[in-house]
Amino acid sequence: MEDMSTLTAALDDTSNPILARLASLNLPHNTYTHPLSATVDELLTNAPLSTDSNECHTKNLFFKDKKHGLFLVTVASSTDVNTKELASLLKLDGKVNLRLADEELLLQKLGVKKGCLGPLAIMNNVDKDVTLVLDESLLAKVKVHSHPLRNDASVVLAPEDLMTFVREYCEPVVVKFSEKMGGKVPSSRPEGEKGATKPRIEKGEGGAGKGANVNKKQTKKGETQLALKWSKSENFAMWYSDVIVLSEMISYYDISGCYILRPWSYKIWELIQDWFNIQIRKLGVENSYFPMFVSKDRLEKEKDHVEGFAPEVAWVTKSGDGDLAAPIAVRPTSETIMYPAFADWIRSHRDLPLKLNQWSNVVRWEFKDPTPFLRTREFLWQEGHTAHASYEDADVMVRQALDLYRRVYEELLAIPVIPGYKTEKEKFAGGHQTTTVEAYIPVSGRAIQGATSHNLGQNFGKMFDINYQDEKGETQIAWQTSWGLTTRTIGVMVMVHGDDTGLILPPRVAPLQCVIVPIVSKTFPLENVAPYCEEILKSLEEKNIRCKLDDRSIYNPGWKYAHWEQKGVPIRIEVGPRDLENRQARLVVRFGGEKIDVGIGTLASSIVTKLEEIQSNMFAKAKEFRDSHLVQVTEWKDFVPNLELHNLVLTPWCGGEHTDWEEWVKEKSREESLQNRGKRAKMRERQLRWRPRLCAFPLISRRWMRG
């Protein structure tokens with residue numbers, strides 16, 4: 001089924017320079033995610049460590065002094081910092097005035113935003129003008145936890161490995177801080193904010209809590225505290241985490257890589273399910289359900305298949321206090337679970353084709369930076385499995401399933417995709433051929449796998465004895481397919497359409513297509529407008545428009561505007577005194593911000609038309625941007641430069657049998673990319689493991705080549 005090892009738009013370990021460098025140095029480390037934690041207090045709450053573990057989180061402070069320069073100070077989370085004693089420990093002579101540096105300088109020197117700082121950020125100090133100061137007590141710990149440039153994750157290192165890493169970039173100064181220094185660290189008051197309170201430095205730089213906590217002292221008057229703290233173009237990974245939490249799509253769970261799908265995101269998945277079920281029934285596919293456990297013998301029956309999934313398989317070995325007689329695997333995919341039943345059910349050519357689908361969960365114990373929707377240890381999907389009398393019939397099924405996936409992305413999610421084949425190295429383990437639809441992520445400039453459909457050939461039929469008697473009475477082996485679509489669809493939709501306000505949902509998958517917001521005040525209470533709003537709501541429901549009246553009295557209209565915009569509702573319907581008087585309503589479109597006044601007599605029909613217009617315009621915009629980054633290249637000299645321009649590159653294909661060529665392209669392009677970046681690239685070469693993703697070539701490439 002779908003290969004979850006696909007690169008995920010700048011959110012994996014190859015694109016996080018710290019994790020990439022740790023890997024290249026072969027330093028043992030573990031990375032885990034947790035709710036956004038902007039301070040140490042939040043971090044200790046969101047990712048608590050056992051008091052018996054002798055492990056600790058870090059507190060990180062970035063100081064500047066006009067005479068003595070810049071200092072990154074990393075101490076144990078329980079250590080207080082006093083600047084006078086710090087100056088003494090560092091033996092700074094003359095006048096010393098250590099002050100906390102502002103976020104602009106932090107970004108400039110260490111490439112990290114406030115709340116995401118850690119000792120490993122010293123890697124980004126290209127100018128070599130920051131002194132790293134380490135707390136001696138950290139080096140006595142068994143493990144040290146710190147942020148890898150983002151505050152929804154922590155990387156765990158042994159102290160000696162931490163020292164090995166930082167010494168690649170500087171020689172740290174190790175000092176012994178007093179257990180309780182007392183006093184406070186000075187901080188600069190934000191300009192233009194009279195009476196601004198100094199932040200408590202004891203909290204330090206940790207890694208928004210319970211998802212996205214906000215420092216109320218830093219929130220300007222009039223802000224709703226709903227605003228995203230990260231820009232999509234400025235920090236794509238942190239923006240993505242911010243959006244899915246604040247829009248109430250995801251909540252974090254206490255097991256790394258597992259997430260709670262809140263009703264807002266699960267409704268999107270249900271709408272995809274509803275559409276998809278109708279389409280597969282037209283193809284003669286029936287829904288079913290198979291157990292989630294598989295025995296070791298069955299899982300290991302197909303050698304190539306199990307080798308492809310072995311690193312990700314989760315095993316159940318105990319029941320209560322006792323050990324199981326044999327370990328049982330939790331479903332990583334269902335071929336080995338379903339096909340023994342296929343062998344029992346299929347006896348004759350009259351039993352073919354057999355076409356089944358199931359909606360289920362899957363567990364793949366990913367260890368590469370789990371990311372909600374995109375790379376998770378448990379995810380939801382549909383998986384189709386069919387058996388046929390001929391290769392040709394099976395191949396038709398593969399194409400039909402792939403076209404349904406294209407339609408899910410293009411017709412429901414308003415995302416253009418490119419259908420293609422996987423290379424031999426990227427195809428489904430144990431399968432004959434894998435097809436895929438690939439989407440384009442605008443900010444990262446990378447492709448992401450959308451869904452896959454596999455022609456399994458007869459390999460599994462041979463392994464599981466799926467035989468039948470043909471019309472001549474001869475024994476034949478069935479030809480099989482499998483195909484899958486996951487909740488990754490939701491993550492791709494967020495990344496493609498979202499903006500710096502939050503989600504922008506295509507109307508066909510929006511849990512709510514419209515929300516009615518009465519503009520109430522002391523002189524215009526809800527009682528005055530409620531009957532009119534109910535009249536509007538009823539007219540919309542009669543047109544099967546998913547709509548809600550937000551008549552909550554605890555929030556003002558401005559807060560509701562921000563809330564529903566962040567959740568991506570396609571149309572907001574505002575109803576105020578003038579609207580009531582004129583028997584109209586104002587429509588505010590989330591995509592593009594258009595505002596129009598419509599009379600109640602044509603309101604419902606106008607909204608139906610507008611929703612279709614929004615759906616079409618969202619797809620057109622995404623396609624136009626994707627196409628502007630789709631280039632045809634026939635000479636090697638143009639390959640790497642176009643990848644560096646965030647383009648999708650269409651090149652001639654020499655055939656799937658040339659696996660050595662695939663690896664050569666990956667390595668050669670990485671080398672050239674680093675060379676092209678000149679002296680700065682040499683300084684950063686230690687940080688980067690840049691490799692293009694060569695996973696597919698288009699089914700429609702011949703048309704493009706002719707064009």
Side-chain angles (χ1 to χ4, degrees), residues 3 5-12 14-15 20 233 236 402 405-406 409-410 415-427 433-452 492 495-496 619-678 680-682 684-685 688-707:
D3 178 7
S5 65
T6 307
L7 295 178
T8 58
L11 297 177
D12 57 34
T14 60
S15 57
S233 59
F236 184 58
L402 190 72
Y405 296 150
R406 177 194 64 79
Y409 276 95
E410 296 191 347
I415 299 171
V417 292
I418 300 173
Y421 296 103
K422 289 286 192 181
T423 65
E424 285 297 305
K425 284 202 169 190
E426 295 282 344
K427 75 177 183 181
Q433 187 180 73
T434 292
T435 63
T436 178
V437 289
E438 303 277 323
Y440 176 72
I441 307 302
V443 175
S444 69
R446 300 173 80 169
I448 185 169
Q449 177 179 290
T452 49
V492 176
M495 293 189 295
V496 170
F619 178 77
K621 179 182 177 182
K623 186 176 186 299
E624 180 182 8
F625 192 89
R626 193 279 311 271
D627 289 350
S628 69
H629 287 272
L630 183 63
V631 297
Q632 178 180 319
V633 168
T634 57
E635 296 185 60
W636 176 258
K637 65 180 179 64
D638 300 320
F639 183 70
V640 173
N642 273 286
L643 288 177
E644 291 180 334
L645 291 173
H646 289 180
N647 289 331
L648 295 176
V649 180
L650 177 67
T651 69
W653 180 250
C654 62
E657 66 275 14
H658 297 283
T659 55
D660 54 336
W661 174 87
E662 184 177 342
E663 285 303 308
W664 180 87
V665 168
K666 290 179 179 179
E667 293 300 328
K668 182 67 174 176
S669 55
R670 175 181 178 274
E671 292 173 7
E672 288 193 11
S673 178
L674 292 172
Q675 291 172 1
N676 291 345
R677 299 182 190 188
R680 187 172 182 85
K682 292 180 181 178
R684 296 189 60 200
E685 185 170 359
L688 299 174
R689 292 193 303 163
W690 187 92
R691 289 159 66 92
R693 178 164 168 247
L694 306 174
C695 66
F697 58 98
L699 290 165
I700 52 176
S701 60
R702 291 176 182 173
R703 174 171 62 81
W704 283 347
M705 296 295 280
R706 287 198 302 269

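Nothing fancy with the numbering, it's 1 onward along the sequence.
- Atom OG1 of residue Thr651 and atom CG of residue Asp638 lie 11.5 Å apart, to the nearest 0.5 angstrom.
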Subject >> Trace of the side chain to side chain contact (heavy atoms under 4.5 Å, CB included) decision for Tyr421 with Thr434 >> reply: CA-CA 6 Å; Tyr421 296 103; Thr434 292; over 6 Å; no
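- At distances below 3.5 Å, at least one donor-acceptor pair connects side-chain atoms of His629 with backbone N or O atoms of His646.
- Nearest heavy atoms, Val633 versus Glu635: CG1-O, 3.2 Å.
- For the residue pair Pro442 and Val496, the shortest heavy atom distance occurs at CD-CA, 4.1 Å.
- In this structure the side chain of Leu648 reaches within 4.5 angstrom of the side chain of Arg626, judged on heavy atoms.
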Original post:
Checking side chain to side chain contact (heavy atoms under 4.5 Å, CB included) for the pair Thr452/Lys427: CA distance, chi angles, key distance, verdict?
Top reply: CA-CA 9 Å; Thr452 49; Lys427 75 177 183 181; over 6 Å; no
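- Within the 4.5 Å cutoff, the side chain of Pro416 has heavy atoms near those of the Phe619 side chain.
- One N or O on the side chain of Tyr409 and one on the backbone of Gly450 form a donor-acceptor pair closer than 3.5 Å.
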Original post:
When you look at Ile415 and Val492, which way does the side chain to side chain contact (heavy atoms under 4.5 Å, CB included) test go after all the steps?
Top reply: CA-CA 9 Å; Ile415 299 171; Val492 176; 3.8 Å; yes
**OP:** Take Gln433 and Lys422 through the test side chain to side chain contact (heavy atoms under 4.5 Å, CB included) and record every step on the way to the result.
**Re:** CA-CA 7 Å; Gln433 187 180 73; Lys422 289 286 192 181; over 6 Å; no
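- For Trp636, the side-chain hydrogen bond (donor to acceptor under 3.5 Å, both in side chains) partners two or more places apart in sequence, or in a different chain, are Glu672.
- At a threshold of 4.5 Å between non-hydrogen side-chain atoms, the residues Val437 and Leu402 count as touching.
- Closest approach of Phe639 and Ser669 over heavy atoms only: CE2-CB, 4.0 Å.
- When side chains are defined from C-beta on, Leu630 does not count as touching Asn647, because their heavy atoms never get closer than 4.5 Å.
- Checking side-chain atoms of Glu410 against main-chain N and O of Val417 turns up a donor-acceptor pair under 3.5 Å.
- Taking CD1 from Ile441 and CZ from Arg446, the interatomic distance works out to 10.5 Å, rounded to the nearest 0.5 Å.
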